[in-house]
**Student:** 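To start, I am sharing the structure in question, which I have written as structure tokens.
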Amino acid sequence: MVKTYTFDKSNALMERARKVVPGGIYGHQNPIMLTRGAFPSFFARGEGSHIWDVDGNEYIDYMCSYGPIVLGHRHPKVEEAVRRQADLGNCFNAPGPLWVDLAEYLVSITPCADWTVFAKNGSDVCTWATEVARHATGRKKIAMCSGAYHGTHAWCTPAPAGVTSEDRANIVYFHFNQLESLRHTVAEHQGEIAGVILSPFRHDAGHDSELPVEGFLAGVRELCDRNGIVLILDDVRAGFRLHLGGSGEFFGIRPDLTTYCKAIANGYPLSACLGRESLRQAAQEVFFTGSYFTSAVPMAAALACLKELKAANGIERMRMLGEKLRDGMLAQARGAGFEVTYSGPPAIPYMTFKDDGGRYDRMKVFAGECSLKGVYLAPRHNWFISAAHTEEDIKQTLAVTEQAFAAVRAQFA
Ligand code: PMP
């Protein structure tokens with residue numbers, strides 16, 4: 001019997017939430033981004049590649065908490081490490097030994113790094129990295145790609161509410177994959193740019209992903225070197241899904257600073273910025289702290305997560321499964337007579353329908369149909385594969401996406 005998905009408990013929780021939390025749920029987890037009536041707002045649990053919402057509906061999870069879940073929900077090795085540390089305590093007056101163990105491990109797997117700092121969110125480390133670049137160079141300006149996402153802080157948040165023009169006064173822009181535009185920006189602000197920050201591939205929400213074109217990242221590196229600019233790689237989204245040594249290694253670029261968050265600790269709150277020797281002094285002098293920066297439990301999770309990712313060859317597995325999903329969905333799209341763009345690395349894919357317009361009408365029907373049949377993927381954000389996905393998951397998913405393409409065809413004849 002096919003189960004009908006209903007969301008009564010989710011909806012009731014949302015009604016209560018709206019009274020006591022502005023908007024009910026904020027940020028990218030706000031269901032406003034999703035297909036109306038087809039998605040839950042609240043989840044109850046997860047196991048491996050599957051999640052259950054508060055109404056008991058089960059899904060194969062292709063958002064992985066928007067990235068953090070890289071080994072699957074409740075991975076036994078991560079949970080064991082978490083339990084062991086939690087039994088000892090989490091938050092002390094100073095860090096525990098894991099602060100050093102994890103820092104040593106991260107430095108050992110990252111060819112371009114000699115040190116690391118820890119924080120909680122991607123935004124924390126991206127902002128701090130820009131401050132280190134400024135302090136090290138004695139310059140003010142940061143160059144970022146227009147449309148890129150580096151977090152919620154005033155210098156880069158995509159929503160203008162609450163931001164002043166002064167907050168952005170020292171931010172200058174260039175276009176990803178257009179070396180000439182960076183050359184132009186650097187020339188226009190000659191001697192003023194402290195740092196260039198960019199992600200390893202273009203993954204702006206609402207835009208097809210773009211892998212770096214031949215020579216782009218090498219050209220960025222060379223421009224930075226020639227002009228004394230610190231190169232910051234924002235690997236918050238892609239980190240540990242493409243290469244254990246950082247996505248810079250995957251694409252053949254060695255940044256000066258690399259920021260991580262999401263997949264570093266399989267869902268436990270931790271971020272990191274790794275850097276090279278020449279920036280150690282500046283890193284030491286830029287004040288950085290937070291109430292939970294030294295918490296030990298997420299560090300236990302991170303060490304277990306990264307070691308397991310390596311031991312289980314998780315990155316290769318995500319690529320292989322991601323390719324199967326991509327090939328299957330592209331064949332289905334062709335069969336249904338759709339032109340779709342399936343972009344990004346296989347482990348972090350993004351799909352759009354040709355001529356779907358700015359409102360994502362086809363993609364919303366597609367994602368909604370998938371959700372109502374037990375496959376959770378967002379219509380306007382890249383998806384994430386985890387190492388816990390199985391060939392059986394992909395098979396079941398493709399059975400669902402086949403029906404989802406048919407549903408889009410029925411509505412957009
Ligand atoms: N940079 C990138 C590339 C991201 O994808 C994100 C989060 N989506 C951030 C920075 C900010 O991370 P956080 O939400 O943990 O502050």
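Whatever order the structure lists them in is the order used to number ligands and atoms, beginning at 1. The figures that follow rest on heavy atoms only: side chains count, while hydrogens, waters and symmetry mates do not. A quick note: this is a predicted structure, and the numbers were derived from the prediction, not measured.
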**Student:** Taking 4.0 angstrom as the limit and counting only heavy atoms of His203, give me the atoms of ligand 1 inside it, by number and element.
**Tutor:** 3 (C)
**Student:** Does a salt bridge link Glu192 with Lys140, judged by any charged N lying under 4.0 Å from a carboxylate O?
**Tutor:** no
**Student:** Within a distance under 4.0 Å of any heavy atom of Gly151, pick out the atoms of ligand 1 and give their elements.
**Tutor:** 10 (C), 11 (C)
**Student:** Does an N or O from His150, backbone or side chain, lie closer than 3.5 Å to an N or O of ligand 1?
**Tutor:** no
**Student:** Nearest protein heavy atom to atom 16 (O) of ligand 1, by residue and atom, and its distance?
**Tutor:** Ser123 OG, 2.6 Å
**Student:** Side chains of Asn121 and Ser271: do they bring a donor and an acceptor to under 3.5 Å?
**Tutor:** no
**Student:** Establish, from distance only, whether the side-chain atoms of Ser123 and His153 form a donor-acceptor pair under 3.5 Å.
**Tutor:** no
**Student:** Which atoms of ligand 1 have any heavy atom of Asp234 under 4.0 Å away?
**Tutor:** 1 (N), 2 (C), 3 (C), 10 (C)
**Student:** Say whether Gly122, considering both its backbone and side-chain N or O atoms, lies within less than 3.5 Å of an N or O atom on ligand 1.
**Tutor:** yes
**Student:** Test side chain to side chain donor-acceptor pair (under 3.5 Å) on Tyr59 and Asp53 and set out the steps.
**Tutor:** CA-CA 8 Å; Tyr59 308 84; Asp53 69 21; 2.7 Å; yes
**Student:** What protein heavy atom lies closest to atom 5 (O) of ligand 1? Include the residue and the distance to one decimal.
**Tutor:** Arg237 NE, 2.8 Å
**Student:** Taking non-hydrogen atoms only, is Val236 closer than 4.0 angstrom to ligand 1 via side chain, backbone, both or neither?
**Tutor:** side chain
**Student:** Return yes if a side-chain donor-acceptor contact under 3.5 Å exists between Arg237 and Asn382, otherwise no.
**Tutor:** yes
**Student:** Testing Trp128, Phe293, Trp99 for ring pair (Phe, Tyr, Trp, His ring centres under 6.0 Å) with Phe118, which one passes?
**Tutor:** Trp99
**Student:** Please check if any side-chain donor atom of His389 sits under 3.5 Å from a side-chain acceptor atom of Ser386, or the reverse.
**Tutor:** yes
**Student:** So which bit of Lys262 gets within less than 4.0 Å of ligand 1, heavy atoms only: side chain, backbone, both or neither?
**Tutor:** side chain
**Student:** Looking only at heavy atoms, is any part of Tyr149 under 4.0 Å from ligand 1, and if so is it the side chain, the backbone, or both, or is it neither?
**Tutor:** both
**Student:** Strictly under 4.0 Å, does any heavy atom of Thr152 approach an atom of ligand 1?
**Tutor:** no
**Student:** Would you say the side chains of Asp234 and His150 form a donor-acceptor pair under 3.5 Å?
**Tutor:** yes
